[in-house]
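Okay, so here's the structure we're looking at.
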2 protein chains.
Amino acid sequence: MTRVPAGSDVAREVWSTLADLVINHDRKREVAEATGISFAKTRALRRVALEPLSMGELATLLVMDPPNVTTLVDDLQEAGLVRRQPHPSDRRVMLVVATPSGRRLAQLADDILERPPAGLVRLPVADLEELRRILTLVR
Amino acid sequence: MTRVPAGSDVAREVWSTLADLVINHDRKREVAEATGISFAKTRALRRVALEPLSMGELATLLVMDPPNVTTLVDDLQEAGLVRRQPHPSDRRVMLVVATPSGRRLAQLADDILERPPAGLVRLPVADLEELRRILTLVR
DNA sequence: ACAAATATTTATAATAACATAATCATTGTG
DNA sequence: CACAATGATTATGTTATTATAAATATTTGT
């Protein structure tokens, strides 16, 4: 008889199922098609559409090296999706801000990415509510 | 007053949370470090460790073009992680089979990828059980 | 048997992703 | 003020990823 730490095995099982669910519902291609830009760029755009970020913050969030963020933002800027705005109090930092058309494109990506898989939609409402409740506890 | 389809909004919200959870717990880098091969190769290896697959089936599952699967499997084979076995009844198809060392490496990747995020482990056991129950309904 | 279809491979090219060093401007500190 | 530290950029190169066309071997259908 082996005694196992309470929820940890269940947690592992749940996590595996969860990760599979998300990975098998991958919409990167669809998003790239719809937006006309690479998924990496969409990801950056969606992030700055949430709130303006400095180049460095963006690099950290995207786990990219700063030089590569520079060229990525260059491309987004040329496409008119973001603009660079000097930081008001520190002239070393550049804030990346989504333009209106950038926000629209980010929204388009959101619409695709937030579309839940069929299996989830088919769940009884009570179970969905329960899922929502539990997920808010995960922090 | 607009009437909205019952669970679909909740489903969308739940899905967003879920996707964020999985994406923010990305372990691709860690897995690549630990295995010494690219994540794409790990993915293929883990898949054939589950069961032997033909090149074509693998291409479909990985959403890759067949020529690229060939070179990917070439690499895995050179590393001694898989072998190619001709299909018993159709000599056009090549079955990709994980070797013992390939299965070990796949297991190593599994151990990392299946490790749940802290927030999930902290959940009350009852909620975890409930999560598991609901997730089995998602098919 | 023969033509069409299927599974894989070879060859090749284009592009994307990733990393490093060096440079410039600006800011904080002794 | 001099100097170290910071944020961003430029330049550059390497490796991965992705795609396409063409070739080979085998099977299937007529």
Side-chain angles (χ1 to χ4, degrees), chain A residues 23 26-48 51-79 81-97 109, chain B residues 23 26-33 35-45 47-48 51-79 81-97 109:
Chain A
I23 286 164
D26 195 359
R27 290 292 180 269
K28 289 199 194 78
R29 258 160 223 275
E30 190 180 341
V31 170
E33 282 255 342
T35 59
I37 60 179
S38 75
F39 187 76
K41 282 173 190 163
T42 305
R43 211 174 139 223
L45 180 60
R46 293 205 317 146
R47 199 60 195 69
V48 301
E51 61 178 340
L53 292 172
S54 74
M55 300 293 292
E57 290 168 331
L58 200 48
T60 303
L61 285 169
L62 301 177
V63 196
M64 288 176 65
D65 295 312
N68 299 325
V69 176
T70 292
T71 60
L72 188 151
V73 170
D74 283 348
D75 292 349
L76 289 177
Q77 189 167 28
E78 274 178 48
L81 300 169
V82 305
R83 59 188 169 78
R84 270 181 248 238
Q85 190 177 14
H87 189 284
S89 68
D90 186 340
R91 288 186 302 175
R92 287 171 305 181
V93 349
M94 275 294 177
L95 292 177
V96 187
V97 186
Chain B
I23 286 163
D26 195 359
R27 289 291 179 274
K28 288 198 196 76
R29 261 161 220 275
E30 191 180 341
V31 170
E33 283 254 343
T35 60
I37 59 180
S38 75
F39 188 75
K41 282 173 192 163
T42 304
R43 213 173 137 225
L45 179 60
R47 200 59 195 69
V48 300
E51 60 179 341
L53 292 173
S54 74
M55 299 295 291
E57 290 169 331
L58 201 48
T60 303
L61 285 169
L62 302 176
V63 195
M64 287 176 65
D65 296 312
N68 299 325
V69 176
T70 293
T71 61
L72 187 151
V73 169
D74 283 348
D75 291 350
L76 289 176
Q77 190 167 26
E78 274 178 48
L81 300 170
V82 305
R83 60 188 168 77
R84 270 182 247 238
Q85 191 177 13
H87 189 286
S89 68
D90 186 339
R91 287 186 304 175
R92 287 171 304 180
V93 350
M94 276 294 175
L95 292 177
V96 186
V97 186

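These values consider heavy atoms only, across backbone and side chains, with no hydrogens, waters or symmetry-generated copies. Lettering of chains follows the sequences in order, A, B, ..., and the numbering in each one begins at 1.
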Handout entry: B/T70 side chain, from C-beta outward: closest of C/dA17, C/dT10, D/dT9
Key = C/dT10

Fill in the blank from the handout: Atom CZ of B/R43 and atom P of D/dT17 are separated, to the nearest Å, by 11 Å

Handout entry: Donor-acceptor contact present, side-chain A/E57 to main-chain A/S54, <3.5 Å
Key = yes

Practice task
Could you check if a side-chain atom of B/V93 sits within less than 4.5 angstrom of a side-chain atom of B/M55, using non-hydrogen atoms only?
Solution key: no

Exercise for the section: Kindly say whether B/P67 contributes a backbone atom to a donor-acceptor pair with the side chain of B/D65 at under 3.5 angstrom? Expected result: no

Exercise for the section: Could you tell me the separation between the CD atom of A/E57 and the C1' atom of D/dG7, rounded to a whole number of Å? Expected result: 11 Å

Exercise for the section: Could you check how far CG of A/L72 sits from C1' of C/dT15, rounded to whole Å? Expected result: 15 Å

Problem - Reading 5' to 3' through nucleotides 18-30 of chain D, protein heavy-atom contacts under 4.0 Å coded B for base, S for sugar-phosphate only, - for none - result: BBBB----BS---

Completion exercise
Here the salt bridge (charged side-chain N to carboxylate O under 4.0 Å, His left out) pairs for residues 67-77 of chain B, sequence neighbours left out, are B/K41-B/D75, B/D74-B/R84

Problem - Spacing of A/M94 atom CE relative to C/dA25 atom C1', expressed in whole Å - result: 11 Å

Handout entry: Value in whole Å for how far the C1' atom of C/dT26 lies from CE of A/M55
Key = 16 Å

Practice task
Specify the separation, in whole Å, of atom CZ of A/F39 and atom C1' of D/dA16.
Solution key: 18 Å

Practice task
Starting at atom CG of A/L76, determine the distance to atom P of D/dA8, rounded to an integer number of angstrom.
Solution key: 16 Å

Practice task
Answer yes or no: is there a side-chain heavy-atom contact under 4.5 Å between B/V73 and B/V48?
Solution key: no

Handout entry: Value in whole Å for how far the P atom of D/dA8 lies from CD of A/Q77
Key = 14 Å

Problem - Any pair counted as side-chain hydrogen bond (donor to acceptor under 3.5 Å, both in side chains), so long as it reaches residues 86-97 of chain A, sequence neighbours left out - result: A/H87-A/S89, A/D90-A/R92

Practice task
May I ask you to evaluate whether B/R84 reaches the phosphate of C/dT9, defined as a side-chain N or O under 4.0 Å from OP1 or OP2?
Solution key: yes

